[in-house]
Amino acid sequence: MNLKIKVWRQKNAKAKGGFETYDIKDVSPDSSFLEMLDILNEQLINEGKEPVAFDHDCREGICGMCSLFINGRAHGPDDDVTTCQLHMRKFKDGETVTIEPWRSGAFPVIKDLVVDRNAFEKIMHSGGFVSVNTGGVPDGNAILIPKEDADEAMDAAACIGCGACVATCKNSSAMLFVAAKVSQFAKLPQGKPEAARRARNMVAKMDELGFGGCTNTGACEAECPKGISISHIARLNREYLKAKIKE
Amino acid sequence: MTKLNSNIPGGPIKDKWTNHKANINVVSPANKRKLDIIIVGTGLAGASAASSLAELGYNVKLFCIQDSPRRAHSIAAQGGINAAKNYQNDNDSVYRLFYDTVKGGDYRAREANVYRLAEVSGSIIDQCVAQGVPFARDYGGLLDNRSFGGVLVSRTFYARGQTGQQLLLGAYSALNRQIGKGSVKMYNRHEMLDVVTIDGKARGIITRNLVTGEIERHGAHAVVIGSGGYGNVFFLSTNAMNSNTSAAWQIYKKGAMFANPCFTQIHPTCIPVHGEQQSKLTLMSESLRNDGRIWVPKKMEDVEKLRKKEIRPADIKEEDRDYYLERRYPAYGNLVPRDVASRAAKERCDAGFGVNETGKAVFLDFATAINRLGKDVIEARYGNLFQMYEKITDDNPYETPMQIYPAIHYTMGGTWVDYNLMTTVPGLYSIGEANFSDHGGNRLGASALMQGLADGYFVLPYTIGDYLSNEIQTPKIDTERPEFKEAEEAVKQKITKLINNNGKKSVDSIHKELGKIMWDHVGMARNEAGLKEAIDQIQELKKDFWTNVVVPGTSDEFNQELEKAIRLADFIELGDLMARDALNRSESCGGHFREESCTPDGEAQRKDDEFAYVSVWEHKGEKEEPALHKEELKFEEVELKQRSYK
Ligand SMILES: Cc1cc2nc3c(=O)[nH]c(=O)nc-3n(C[C@H](O)[C@H](O)[C@H](O)COP(=O)(O)OP(=O)(O)OC[C@H]3O[C@@H](n4cnc5c(N)ncnc54)[C@H](O)[C@@H]3O)c2cc1C
Ligand code: SF4
Ligand code: FES
């Protein structure tokens, strides 16, 4: 297939970016979206131009490295997939495909389509853990966990930290990302003792870093490639309230 | 001739680790605070080591290429992690896990290391549970297990199809706690480009800040490499795109010897290559072979019609199908180990029976299982994998068989380490897939995750203390020393050369050429003539790379082509060493199949009299050939047998 690729180019964090449009030919519909970008880059290099920078690694939908806003949607037009799992057969021959980086004040652009998601890291440092050291822990089967709880914790733990929720939210809120972690641990006996404290610390960090508040639009859930449910936000709110009451 | 000392403790195998721990030195808490440790890599191995060492009180500096430690390649592991818990009461034990691993590795691993791995395996599960890893549970609330290829017990723990993700997020959470406390200093988007040695000891590294391009010096009392495997030397593999060998290769050039480079694992069930535009390969979990049957047509005319899409697989009559694994290996059938299944698929495709346009695919068919168990059962077992397959190929595996083909997946070879996980350079350690230690010629499923976490949580934190106890008088490492300046200068020169080269060939195009040489000659089947040809071709390719590669942009900015070029330069040199190692080892063993060494019916033939050793290669300089050292393997517990799956 032949396509027009309209892509955001920005030399570095300080530069003013803008769109460039390129023609690209003979893309196999079986190629993945990132393979299409590989082809574009090969073409640019052969023409003596600079290739488009974009983040990626596993290309299997699990590392959370790839991002991209494609035709106005985080991770593009397919449901429940990351950009690396999106295939060109989802596009029409001759179509113009618009590609932008995540747009959020908390995720500044590094170059072209690459953004800095360090704010997510800082939220995790503030409480995304159970306080145990290596060694001296009980036998794995000494802690009984009902299957339903383990399954629900796993649903929440499936978050890949991609940032699509933030990029999609009109408030740039990181609530779904934070809720996924808080909820995973709150569902498990191991995480219960510090559940309230964790919620308070992570939410405080999120606010401090300039993410917006949650107004329950549900956009994040709709675009999350891992189907993280906004019901986790309700659980986060409960834990957060508990922490506030204790104060 | 050999300067290798594996430092295996004496005594009966079951007491070695306990005695060793009792005998090695420890560092006092006050002194730990004065000692710095650099760790390269945040996969299961690096992340678990970093958090554990920081908890003990050391100052840790941790480096990774990605924008977060959570994105290390370990995140992609699907199937599970082994541990000898015997929760299923099926007579599993430390000894049985040890035995299975030595046998599965085709008798080319060090017994003492493997025994220790089995011994600490149970603690890994306990640790992960305590961190909040949501392992699968049964209705009574206890941990669930599944079976994996090549063994007779059920000892694999799992978290849906995302075990690697959940284990890594567990280690990452422990790490976050330490980063928050300031005991680990994290350097995301930083790539190690060289190691610095002073008076023969590892004292630091040179890195490139991938965002700004700045070249930095970092000093420490010990350096740990946990940079993963080198499967991407083949260009196409199941490894993540940024997985690379550069850290392991640069330490090789500074004196850390490299062991068994030719031992690579080819996984039988991956989605076939769709064409020239392919960038990487996707694994379909090994567990599919529990219910899927593998076949190709018996008749060439059916193959041709399939390729022209004149018939569908279902149109081929039962008697016209060749279930070749069931035919050749009636005892194990579709559940033969990975290497055997891979070679059998290649044999059929080479004979012309490949079922897709490229001739490089066989069927993995669930029709029999769906008839027997019902679609619901199959969906509950493999639903997410079927969905993933359909997203990629646009074929529905409930209705038509999957197409699969073998792909490069894992590398058993790696930096040589002694029992303490120390390389041949004092103060330099290697952990996880980056070292060669525990899997011999072939790794069993679900054992890589186990090894990475064993190294990081339960082995290195003890053994590194023994070394560091002699370093408590050493002040902070001064990075103004000439050794640091020289190393930095060399790195800068290499980068300048690449940037100014202005050739015509892109990095990827050269990488694809390397991949083709490797796959054709150092892939699933190898022979003397092919390997010699590979060595010649790689020499040519190396020249071609340094004359014709083009790296757009500059060195002092975010530049992914430059990153790839630096890594490819190392892959090319490693490819050469792999071919040399494969040429030297004229036996068939595990993942290494030499066509000259097989039984009359085409099965792999080991030669224990000649090759019961670890091949350990020493770098002798750019113009010299590498030197081969041998670590003899002594088998005191396990009797050597030819593997048979008939
Ligand atoms: C698709 C797939 C499925 C798998 N499934 C299983 C399974 O079910 N069970 C199992 O046991 N095993 C499985 N494996 C194997 C297993 O995942 C790996 O062997 C293991 O995760 C390797 O962990 P590691 O910590 O050694 O390295 P990695 O996870 O590869 O981490 C390497 C780290 O090093 C960093 N790094 C590399 N080079 C540099 C450098 N120069 N400078 C700075 N940082 C650097 C990277 O950023 C990264 O953080 C699977 C592998 C694949 C490909
Ligand atoms: S909640 Fe979903 S969209 Fe947000 S970071 Fe996690 S996986 Fe991505
Ligand atoms: S590249 Fe890993 S999720 Fe897309």
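In what follows, every chain begins at residue 1, and chains take the letters A, B, ... in the order their sequences are listed. Since the model is a prediction, treat every value here as computed from it, not as a measurement.
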Checklist outcome for this item: Okay, B:Gln78 and chain A: the region with an atom under 4.5 Å from a heavy atom over there is side chain
Next on the checklist: Do A:Glu121 and B:Tyr172 pair up side chain to side chain, a donor and an acceptor below 3.5 Å, judged on atom types alone?
Outcome noted: yes
Item to check | Parallel, tilted or perpendicular, as decided by the 30° and 60° cut-offs, for the rings of A:Phe91 and A:Phe33 | outcome: tilted
Non-hydrogen atoms of chain B under 4.5 Å away: do they reach the side chain of [X], the backbone, both or neither?
X        : result
A:Leu86  : neither
A:Ala158 : both
A:Ile39  : side chain
A:Asn12  : neither
A:Asn41  : neither
A:Val27  : both
A:Asp149 : neither

Item to check | Set of side chain to side chain donor-acceptor pair (under 3.5 Å) partners for A:Ser126, sequence neighbours left out | outcome: none
Item to check | Residues of residues 236-244 of chain B with any heavy atom under 4.5 Å of a heavy atom in chain A | outcome: B:Thr238, B:Ala240, B:Met241, B:Asn242, B:Ser243
Checklist outcome for this item: Closest non-hydrogen contact found for A:Ser67 with A:His75 is O-ND1, 3.6 Å
